[in-house]
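Sequence lines set the chain letters: A, B, ... in the order given, protein chains first and strands last, and positions in each chain run from 1.
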Number of protein chains: 2
Amino acid sequence: MQNSFTEENYLKIIHALSGRDGGEVSTNALAESTATRAASVTDMLRKLAEKGLINYKKYQGVTLTELGEKVAIKVIRKHRLWEVFLVEKLGFGWDEVHDIAEELEHIPSEILVEKLDAFLGHPRFDPHGDPIPDAKGNLMEPDYGVLTDVQLGEKVRMMGVLDHAPSFLQHLDRSGLTLGSLIEVKEINEYDRSASVQIDGGPTLFISLEVSKNVLVQRR
Amino acid sequence: MQNSFTEENYLKIIHALSGRDGGEVSTNALAESTATRAASVTDMLRKLAEKGLINYKKYQGVTLTELGEKVAIKVIRKHRLWEVFLVEKLGFGWDEVHDIAEELEHIPSEILVEKLDAFLGHPRFDPHGDPIPDAKGNLMEPDYGVLTDVQLGEKVRMMGVLDHAPSFLQHLDRSGLTLGSLIEVKEINEYDRSASVQIDGGPTLFISLEVSKNVLVQRR
DNA sequence: TAAAAAATTTAGACTAGTCTAAATTTTATT
DNA sequence: AATAAAATTTAGACTAGTCTAAATTTTTTA
Ligand SMILES: [Mn+2]
Ligand SMILES: [Mn+2]
Ligand SMILES: [Mn+2]
Ligand SMILES: [Mn+2]
């Protein structure tokens, strides 16, 4: 049978919290991310385990099974493709698309996804720099660094963001930081780890640690 | 508060069954169209009435309130715009889009609908010839006739279909009948009311009463 | 390593939407 | 108008997903 909207969300969140190592995810972490209570999570975990989507032993946390992983990646693929559509075709800002994509990602129809993918020209990344899984379910996570780890004087390319909150994305817009920006670290303040960076060889910008922490860059 | 997927479907179906005269819709008719039982319909009707979306007096059938009508038309607008998107942009056939649009029509976001509408060039009709309500909720029902009512020798333009079933639409495709086709009635058989028609001044086609009944045409 | 704290699960309950079976109301027929 | 048939509503129950409060298990800390 089909998976419900709610089940798909649990799988997607388990995938995200599990990280690239595929480690166990705790009931409390899921309660936090799903905005429900731990007791509700336990109920759902029993059901997902029943359906063979997760590995679950009481009190031990959960991981996705291969099947669960496949389902999660399909949802992520749809989410990111729809985000590309919203930005590239409909003209939404990258700060406006996440919530709409949260709904669109649950529309069924394999063929819809594949036609959408073709219509968009088989994009490799979504508007936030996140990689789009291919039709076979392969998800290549590029290993970007965080701006915090960049040394003084280094030049890096902005490739993505860790925080997807509209307020953060809007802040980046106002700062003139977008995907692809060339960032040169001109100064790092020991006291609060804020920094001055030069964008695309042009204007210099002051950024807080909070921002640096959430900007993904390609070091070369 | 927001209306659920299920509530929206009830409103849309009440709108459809109510016809242009806005007449009462019976519990049984709704049970049939929603593929549920009459008892379930009664429960939902109480709820919709509670929310001010329908006029409901026990045993008397229902009509939409102005509010209910507004909500129904918004759903219809979304359904038809998404169908245009699926056909015009993604390359689906007109026989493939209805079920997918049934899902997409429930995605919220007013701004999404308006951006989609603009992206599509503000289409007036969907792939089946059905009129698309405008952003203000105006729905202009053109008064087409049915091919059955066309006289011998008359020339009419095909403008829509009454049956939206994939099998019927595929049958029209195979027959070479599409929206915009010029149809001249060459012969009508008294016995079964089947007919021979000439399409776009070209090939002559034999069509059954069942088909004629479901083809909408513009008489001039 | 025993007690305290934290995390997790169980118990019991609620809502939305659905069902079957029984009761009621309306409509059609004698 | 009385009765039969059809339509509709009510009663009681079920599932998915959620909740609070209580019980249990694991982890931490003294
Ligand atoms: Mn997103
Ligand atoms: Mn994204
Ligand atoms: Mn349709
Ligand atoms: Mn249509």
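The shortest distance between the side-chain N/O atoms of B:Tyr56 and the OP1/OP2 oxygens of D:dT8 is not below 4.0 Å. Checking the phosphate oxygens (OP1, OP2) of C:dT18, no side-chain nitrogen or oxygen of B:Ser40 falls inside 4.0 Å. Applying the 4.0 Å criterion to OP1 and OP2 of D:dT18, one finds that A:Tyr10 has a side-chain N or O inside that range. Here A:Lys58 reaches the OP1 or OP2 of C:dT10: one of its side-chain N or O atoms lies under 4.0 Å away. For B:Arg46 and D:dT10, the shortest distance from a side-chain N or O to OP1 or OP2 is below 4.0 Å. Contact check, B:Thr27 against D:dT9: a side-chain N or O comes under 4.0 Å of OP1 or OP2. OP1 or OP2 of D:dT20 has at least one side-chain nitrogen or oxygen of A:Arg37 nearer than 4.0 Å.
Within the model, atoms CD of B:Glu8 and CG of B:Leu53 stand 10.0 Å from one another, a figure rounded to the nearest 0.5 Å.
Listed by first then second residue, pairs satisfying salt bridge (Lys or Arg N to Asp or Glu O under 4.0 Å) with a partner in residues 60-73 of chain A number zero, not counting sequence neighbours. Pairs engaging residues 107-119 of chain B under the salt bridge (Lys or Arg N to Asp or Glu O under 4.0 Å) rule: B:Lys74-B:Glu110, B:Arg77-B:Glu114, B:Arg77-B:Asp117 [sequence neighbours left out].
Aromatic ring pairs are classed by plane angle as parallel below 30°, tilted from 30° to 60° and perpendicular above 60°; the pair A:His128 and A:Trp94 is parallel.
If you measure from atom CG of A:Asn28 to atom C1' of D:dT27, you get 13 Å, rounded to the nearest angstrom. Atom CD of B:Glu32 is separated from atom P of D:dA7 by 12 Å (rounded to the nearest Å).
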